[in-house]
Asks: 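Can you keep this structure in mind? I'll have questions shortly.
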Amino acid sequence: MSTHVDVLGMAREQLAIAADYLDLDSGLHQVLSHPMRQLVVNFPVVMDNGEVVCFEGYRVQHNSSRGPTKGGIRYHIDVDVHETTALAMWMTWKCAVVNIPYGGAKGSVKVDTKQLSLREIEKLTRRYATEISIILGERSDIPAPDIGTNGKVMAWIMDTISMQKGYTVPGCVTGKPVDLGGSLGRVEATGRGVIVATEEAAKSIGMNLGGAKVVVQGFGNVGATAAKIAEEHGAIVVGISDAVGGIYNPKGLPVAELTAKYSGRDGGIREYADAQAVTNAELLELPCDILIPAAISGQITKDNADKIKAKLVVEGANGPCTPEADRIFKDKGLFVVPDILANSGGVIVSYFEWVQDLQNFFWEEDQVNERLTKILRHSYAHVEATMKQYGTDMRTAALIIGVKRVADATVRRGIFP
Ligand code: GLU
């Protein structure tokens with residue numbers, strides 16, 4: 001999805017850095033740099049005009065040493081099996097670093113949903129779910145929303161799997177609507193978690209979130225929620241962008257109004273008048289204290305890392321910064337909270353949803369948010385301590401924890417047969 005960045009290469013380079021610190025056995029390193037399973041499916045959909053169109057999709061399971069595999073399903077025209085594999089690998093480390101009992105997976109379909117009717121998206125979803133259902137299951141691999149998908153899509157997947165089984169299986173997917181076994185707080189969980197991580201990081205570097213100037217790239221579920229909660233904490237959101245482009249006002253932008261009136265419109269938030277229009281690339285380089293890239297991968301590279309003015313970068317997206325950008329940030333003294341920690345709120349509450357579904361016992365929203373915050377704060381402190389212990393940046397520290405947990409589980413279980 002980032003046309004010019006090799007995200008699988010990026011994920012493998014990050015793994016190699018952690019493996020070096022851990023002195024990881026080379027056989028184990030090899031195991032972890034490959035996905036355990038990659039399923040490629042080509043499937044037809046009868047469109048509204050009667051035409052048959054063939055779509056390509058994937059489901060990649062990276063590692064299941066610590067539990068069933070878990071990860072979102074992405075609908076986007078630029079996906080491929082390599083990127084989906086990188087995203088599955090990041091899910092493995094993400095679940096391990098926050099210590100929830102899952103391995104990592106990811107799925108995707110190469111499609112521009114803007115060109116499809118709702119009925120066509122439903123048919124595509126049901127057929128794709130059927131194709132990959134041979135490796136899905138509430139005890140084996142549990143999808144969730146990602147870019148281009150939402151609760152509605154998860155409901156169709158849950159229904160499709162349930163039709164095959166002959167009974168309702170709510171735990172086979174997370175991120176469902178609340179009245180179908182979804183969890184309160186799940187929709188906002190990733191953005192909420194991003195702000196918990198931002199607060200902790202602000203404390204670490206002696207910054208106050210209240211009054212801080214924040215720029216958010218991306219106005220999807222993660223970016224819009226993070227911007228809203230940052231504003232609730234007294235931060236001034238000065239820049240925001242969506243897929244069309246960005247807007248900037250150094251005095252602050254009205255996040256709630258932008259969400260209510262401008263998101264989803266053709267011109268997007270750029271139709272808002274009281275701000276200067278900027279491109280997505282310019283947005284990243286705006287003067288601010290905190291930058292939250294919450295769109296797609298490969299946005300901050302060796303070409304623009306040096307131009308970032310923020311003091312703190314909190315990765316709402318998966319893989320927004322390349323390893324070269326990380327090295328430039330380290331030299332500049334810029335503090336980065338890595339994706340596998342910063343955006344883990346989504347999968348943490350997915351885990352709560354799955355537990356609630358398996359037990360048929362549902363929690364209050366306060367309980368969900370409290371437990372999410374507790375896990376994130378605890379994980380942040382663990383990563384920060386590891387960072388100091390090894391003298392690394394925060395990404396490497398998070399990877400050291402994640403990779404070690406997965407490697408330890410693999411060794412303890414033993415290699416079958
Ligand atoms: N797609 C989200 C992520 O990248 C959530 C995954 C999940 O909840 O399983 O973390």
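As a basis for the values below, the full set of heavy atoms in this structure was taken, side chains included, without hydrogen atoms, waters or symmetry mates. Order of appearance sets the numbers: ligands from 1, and atoms from 1 within every ligand.
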Asks: Scan side-chain atoms only and decide if S108 and T84 contain a donor-acceptor pair under the 3.5 Å cut-off.
Replies: yes
Asks: What residues sit with at least one heavy atom under 4.0 Å from ligand 1?
Replies: K70, G71, G72, M91, K94, K106, A144, P145, D146, R186, N318, G346, V347, S350
Asks: Hydrogens and angles aside, do Y380 and S204 bring a side-chain donor and acceptor to less than 3.5 Å of each other?
Replies: yes
Asks: Any donor-acceptor pair under 3.5 Å linking the side-chain atoms of Q38 with those of T85?
Replies: yes
Asks: State whether a side-chain donor-acceptor pair under 3.5 Å links W90 with Q14.
Replies: yes
Asks: Which residue is it: V97, L341, I340? I am looking for the one with a side-chain contact (heavy atoms from CB on, under 4.5 Å) to S379.
Replies: L341
Asks: Tell me which donor-acceptor pairs under 3.5 Å the side chains of residues 130-143 have, and how far apart each pair is, sequence neighbours excluded?
Replies:
| unit_1 | atom_1 | unit_2 | atom_2 | d |
| --- | --- | --- | --- | --- |
| T130 | OG1 | R126 | O | 2.6 |
| E131 | OE2 | R127 | NE | 2.8 |
| E131 | OE2 | R127 | NH2 | 3.0 |
| S133 | OG | T130 | O | 2.6 |
| S133 | OG | Q164 | OE1 | 3.4 |
| S133 | OG | Q164 | NE2 | 3.2 |
| S140 | OG | L136 | O | 3.4 |
| S140 | OG | G137 | N | 3.2 |
| D141 | OD1 | R59 | NH2 | 2.7 |
| D141 | OD1 | T69 | OG1 | 3.1 |
| D141 | OD2 | R59 | NE | 2.9 |
| D141 | OD2 | Q61 | NE2 | 2.8 |

